[in-house]
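Heads up, the thing below is written out as structure tokens.
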Number of protein chains: 2
Amino acid sequence: MICNHYNFVKMDKIGAYLSKHEIKPSLQRLKIFEFLYNNKNHPTVDSIYTALSPAIPTLSKTTVYNTLKLFISKGIIRSIHIEDHEVRYDADTIPHGHFKCIGCGGLFDFPFDHHLQLQTNLAGFQITEEHFYLKGYCKLCGAN
Amino acid sequence: MICNHYNFVKMDKIGAYLSKHEIKPSLQRLKIFEFLYNNKNHPTVDSIYTALSPAIPTLSKTTVYNTLKLFISKGIIRSIHIEDHEVRYDADTIPHGHFKCIGCGGLFDFPFDHHLQLQTNLAGFQITEEHFYLKGYCKLCGAN
DNA sequence: TGTTCATTTGTAGTCATTACAAAATTACTT
DNA sequence: AAGTAATTTTGTAATGACTACAAATGAACA
């Protein structure tokens, strides 16, 4: 991992964090957010479901979908669309970029100043979301 | 449309352009590339298929998929993943950004200097692709 | 003309995601 | 504490984009 903005919320305050964003903190929601928070490799729906199933045996994949959609609508996570066949999720809402390694499939964060490129001719356009991602080979995969 | 890099290839030279990139210029391939070239709003598979069906009545959606995949592998178009439910295609291979309007659904191009943000700590990473897109409201939709 | 190879096409299948309604859980009221 | 309403979770069925595959078509060429 290259950068990390996750210090703004403590692990033991997830319930309060969800409540603050008008999300009733059920067990499933707490666990899903906690997992997203702890796994900064930006998991997919499937990996979230597989990881939490042992702890919550009754968990349904529909719940994972519903919960992630709820989190997105409340603005506490964002979805990452890089490959066409996989959607990943990120609990870090501070703008940053993503680097997808073609070799190992890993997804890395990196900081970038999102104001640098706003000297474009987008005058009159209201920007609500910014996404910047790169593809290529990471340090390890590139060395072959 | 905000920016336009399409001057590097003339309309009547699509066949030569495809050949130069090791693509045999069949009717379907010519028409699909021409459509992509002329429609700078970055159409989807469906809109390409719907638009070309009258001119090529036997056209199959599989052919559209196959052809786009071929074009991507030869590097003459790129795919755009902004929404999770729609993939768009772009015949402009010069790096530029995309702006997706939440209001009208329109997709706009804008230039951006992709070297500005490479002062990040990505040393040792080989970059092969860059994608930058914004979401928000365009000039017309924002004025309400 | 016949043969080989590349391209196109339609159908059937896969897989991620969603719709929907029942079941379970939580919140509220008296 | 019991009963009722509201919310959340769950499983199944349906949707829809995309792909695999093999037959059909068309082009290249001797």
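Just so it is clear: chains get the letters A, B, ... in the order the sequence lines come, proteins before strands, and each one is counted from 1. Every heavy atom of this structure was used, including side-chain atoms; hydrogens, water molecules and symmetry mates were not.
Along DNA chain D, the nucleotide closest to Q28(A) and the one closest to H85(B) are compared, and the more 5′ of them pairs with Q28(A). Sequence order on DNA chain C of the closest nucleotides to L27(B) and E86(A) puts L27(B) first from the 5' end.
The CG atom of D109(A) sits 4.0 Å away from the NE2 atom of H96(A) when rounded to the nearest 0.5 Å.
If you look at F108(A) and F125(B), their ring centroids are closer than 6.0 Å. Ring centroids of F132(B) and F132(A) are separated by less than 6.0 Å, placing the two rings close together.
Each salt bridge (charged side-chain N to carboxylate O under 4.0 Å, His left out) pair with one or both residues in residues 50-77 of chain A, not counting sequence neighbours, appears once here: E22(A)-K74(A), D46(A)-K61(A). Evaluation of the salt bridge (charged side-chain N to carboxylate O under 4.0 Å, His left out) test over residues 24-33 of chain B, restricted to residues two or more places apart or in two chains, returns K31(B)-E34(B).
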Solution key, residues 76-86 of chain B side-chain donor-acceptor pairs under 3.5 Å, sequence neighbours excluded:
unit_1, atom_1, unit_2, atom_2, d
R78(B), NH2, E130(B), O, 3.0
R78(B), NH2, H131(B), ND1, 3.2
S79(B), OG, H81(B), NE2, 3.1
E86(B), OE2, R88(B), NE, 3.0
E86(B), OE2, K100(B), NZ, 2.8

Determine, step by step, whether K40(A) and D90(A) satisfy the side-chain contact (heavy atoms from CB on, under 4.5 Å) criterion, reporting the C-alpha distance in whole Å, the side-chain angles of both residues, the deciding distance to 0.1 Å, and the verdict.
CA-CA 7 Å; K40(A) 303 184 178 76; D90(A) 189 346; over 6 Å; no
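Among all heavy-atom pairs drawn from N41(A) and L107(A), the shortest one is O-CB, 4.2 Å. Here the closest non-hydrogen pair linking Y49(A) and L59(A) is CE1-O, 3.4 Å. Across all non-hydrogen atoms, the minimal contact from L36(A) to P43(A) is CD1-CG, 3.5 Å.
With sequence neighbours left out, the ring-ring contact (aromatic ring centres under 6.0 Å, His included) criterion links F71(A) to F33(A). Partners of Y137(A) by side chain to side chain contact (heavy atoms under 4.5 Å, CB included), not counting sequence neighbours, listed by chain and number: I102(A), C141(A), Q126(B). Scored by the side-chain hydrogen bond (donor to acceptor under 3.5 Å, both in side chains) test, S47(A) finds T44(A) as partners (sequence neighbours excluded). Not a single side-chain hydrogen bond (donor to acceptor under 3.5 Å, both in side chains) links T62(A) to another residue, sequence neighbours left out.
Close approach of DNA chain C to chain A, defined as any atom under 4.0 Å from a non-hydrogen atom of the protein, starts and stops at dA16(C) to dA19(C). Taking a heavy-atom distance under 4.0 Å as the criterion, the stretch of DNA chain D touched by chain A extends 5' to 3' from dT7(D) to dT12(D).
Remark on the helix from dT1(C)-dA30(D) to dT30(C)-dA1(D): inter-end axis angle 20°, axes from five-pair C1' superpositions, rounded to 10°.
Although no hydrogens or angles enter the test, the distance criterion places no donor-acceptor pair under 3.5 Å between the side chain of S53(B) and the main chain of T50(B).
Residues of residues 51-66 of chain B that place a heavy atom closer than 4.0 Å to DNA chain D, in numerical order, are T62(B), Y65(B). Residues from residues 67-79 of chain A placing a heavy atom under 4.0 Å of any atom in DNA chain D do not occur.
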